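Note that the numbering runs from 1 along the sequence shown for the chain. Bear in mind that the values here come from a model prediction, so they are computed numbers and not experimental data.
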Amino acid sequence: MILEMKNIEKSFGDLEVLKDISFGVDRSEVVSIIGPSGSGKSTLLRCATFLETIDGGEISYMGEKAAHTDSNGRAVYVTPNELRHFRKYCGLVFQQFNLFPHYSILKNLTDAPIHVQGVSREEAEETAMDLLRKMGIEDKANAYPYQLSGGQQQRVAIARAMAMKPEILFFDEPTSALDPELTGEVLKVIRQLAEEKMTMVVVTHEMPFARAVSNRVIFMEGGVIVEQGDPRDVFGDPQEERTKQFLRVFER
């Protein structure tokens, strides 16, 4: 198992955002997380990728614990130096691309491998160009983010995450900032990655995509996992009334 999260708790002030969340992700598995806005989906991804700290629970990558709850009931993380080791396992693609506007597309892809992982410039640029070819935008290597469409920028963001060679890729509503035509471009790339057995966790509102590409679907609401399972079961025969209500909206 690449990722295991157990009994995850997270609050912002008095607001409980994640309440006793437990799930895992196996190698080559594609897990889609669906649910209404405010259900805790994005916070769960930010906790999994160490952008937010949990209040309680346990996070493990590749069988190694990155965080656990101590005898006082508080979450304790490994040292900052050890945490860098865990961060290399995961990549996150954001809703709003988060590219560096003053860097060329090529530099957006090569900067972290060179300065964080110590990869040679030659190797980093070779990997970057291979990824841009895979995304169908190798001709944009010397362009800047503002010169690209939203769909192209999101494909660059995916390539940038992959340039770090993570074990698992997280997508936080990767198409929410795009119009329908550009959404199709990005979903096509994610489908291709799924076919290539890339391990992925995708927070999405694209129900047909989640149904077609996922090995497992998790429905969240109010900071808890309401239902999860094979997409054919969750979409075709949901067991929980709240899941049925949520999916009914998308059938209209």
Side-chain angles (χ1 to χ4, degrees), residues 2-3 5 8 10 12 15 17-18 21 23-25 29-54 59 61 66 86-101 108-109 112 131 135 145 148 150-164 166-180 182-194 198-211 213-226 228 231 246 250:
I2 290 181
L3 168 67
M5 300 183 78
I8 301 299
K10 176 65 180 177
F12 294 107
L15 178 64
V17 181
L18 300 175
I21 294 276
F23 81 108
V25 184
E29 191 175 21
V30 179
V31 178
S32 286
I33 304 179
I34 63 172
S37 296
S39 57
K41 307 182 299 296
S42 294
T43 300
L44 182 62
L45 259 58
R46 292 178 67 83
C47 289
T49 53
F50 309 112
L51 292 177
E52 294 283 358
T53 54
I54 59 173
I59 303 174
Y61 276 94
F86 283 97
R87 283 196 170 106
K88 73 180 183 182
Y89 290 131
C90 53
L92 176 59
V93 178
F94 300 89
Q95 298 177 29
Q96 300 293 341
F97 324 137
N98 284 21
L99 301 175
F100 295 113
N108 262 283
L109 266 66
L131 287 167
M135 301 295 158
L148 275 59
Q152 290 170 331
Q153 288 188 60
Q154 193 60 294
R155 281 182 277 164
V156 171
I158 295 170
R160 182 177 63 177
M162 292 183 66
M164 299 294 281
E167 295 286 343
I168 181 170
L169 263 183
F170 295 88
F171 294 84
D172 186 6
E173 297 186 18
T175 60
S176 65
L178 303 175
D179 65 36
L182 299 181
T183 291
E185 288 180 16
V186 173
L187 294 181
K188 182 179 177 182
V189 168
I190 301 174
R191 283 175 187 266
Q192 181 184 346
L193 294 175
M198 182 73 201
T199 309
M200 296 184 284
V201 177
V202 187
V203 169
T204 183
H205 289 298
E206 301 290 336
M207 296 302 132
F209 167 81
R211 185 171 192 162
V213 174
S214 310
N215 302 108
R216 182 155 46 98
V217 173
I218 293 173
F219 172 62
M220 283 182 66
E221 185 181 51
V224 301
I225 293 176
V226 176
Q228 65 175 310
F246 177 77
F250 294 93

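In this structure, CG on L193 lies 12.5 Å from NZ on K188, to the nearest 0.5 angstrom. Atom OG1 of T175 sits about 12.0 Å away from atom CD of E185, to the nearest 0.5 Å. The CZ atom of R216 sits 9.0 Å away from atom CD1 of I33, with the distance rounded to the nearest 0.5 Å. Here the straight-line distance linking atom CG of L18 with atom CD of E52 works out to 9.5 Å at 0.5 Å rounding. Considering CD of Q228 and OG of S32, their distance stands at 12.5 Å, rounded to 0.5 Å. With rounding to the nearest 0.5 Å, the separation of CD1 in I59 from CG in L3 is 8.0 Å.
Side chain of K10 to main chain of T53: a donor-acceptor pair is present (N/O by atom type, distance under 3.5 Å, no hydrogens or angles). Between the side chain of S176 and the main chain of E173, a donor-acceptor pair closer than 3.5 Å is present. Of the possible polar contacts, none joining the D172 side chain to the Q95 backbone as a donor-acceptor pair under 3.5 Å is found. Remark: the backbone N or O of F94 is paired with a side-chain donor or acceptor of Q154 at under 3.5 angstrom. Without hydrogens or angle criteria, E221 side chain to S39 main chain gives no donor-acceptor distance under 3.5 Å. When atom types are taken as modelled, the side chain of R160 and the backbone of R155 share no donor-acceptor pair closer than 3.5 angstrom.
Residues M200 and A194 share a closest heavy-atom pair of CE-N, 3.4 Å. The two residues A161 and L169 make their nearest non-hydrogen contact at CB-CD2, 3.5 Å. Between P145 and N108 the shortest heavy-atom distance is CG-ND2, 4.0 Å. Nearest heavy-atom pair, V217 versus A210, reported as atom, atom and distance to 0.1 Å: CG2-O, 4.2 Å. Nearest approach of K41 to G35, heavy atoms of both residues: NZ-O, 3.0 Å. In terms of heavy-atom proximity, E29 sits nearest to G24 at OE1-O, 4.1 Å.
Two residues are said to be in side-chain contact when any heavy atoms from C-beta on lie closer than 4.5 Å; F170 and V203 fail this criterion. At least one side-chain heavy atom of I158 sits under 4.5 Å from a side-chain heavy atom of F171. In this structure, T199 and E167 have side chains that are not in contact, with every pair of non-hydrogen atoms separated by 4.5 Å or more. Using a 4.5 Å cut-off on side-chain heavy atoms (C-beta onward), L187 and V189 make no contact. Two residues are said to be in side-chain contact when any heavy atoms from C-beta on lie closer than 4.5 Å; V202 and V31 fail this criterion.
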One pair to check against side-chain contact (heavy atoms from CB on, under 4.5 Å): M220 and F23. What are the steps and the verdict? CA-CA 12 Å; M220 283 182 66; F23 81 108; over 6 Å; no
For the pair I21 and I225, evaluate side-chain contact (heavy atoms from CB on, under 4.5 Å) and give the outcome as yes or no after the intermediate values. CA-CA 7 Å; I21 294 276; I225 293 176; 3.7 Å; yes
I190/F209 under side-chain contact (heavy atoms from CB on, under 4.5 Å): CA gap, chis, key distance, verdict: CA-CA 10 Å; I190 301 174; F209 167 81; 3.5 Å; yes
Could you walk me through whether I34 and I218 pass side-chain contact (heavy atoms from CB on, under 4.5 Å), step by step? CA-CA 6 Å; I34 63 172; I218 293 173; over 6 Å; no
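The aromatic rings of F86 and Y61 lie tilted to each other, with the angle between the two planes from 30° to 60°.
The local environment of CD in Q96 is sparse, with at most 12 non-hydrogen atoms from other residues, nucleotides or ligands closer than 6.0 Å.
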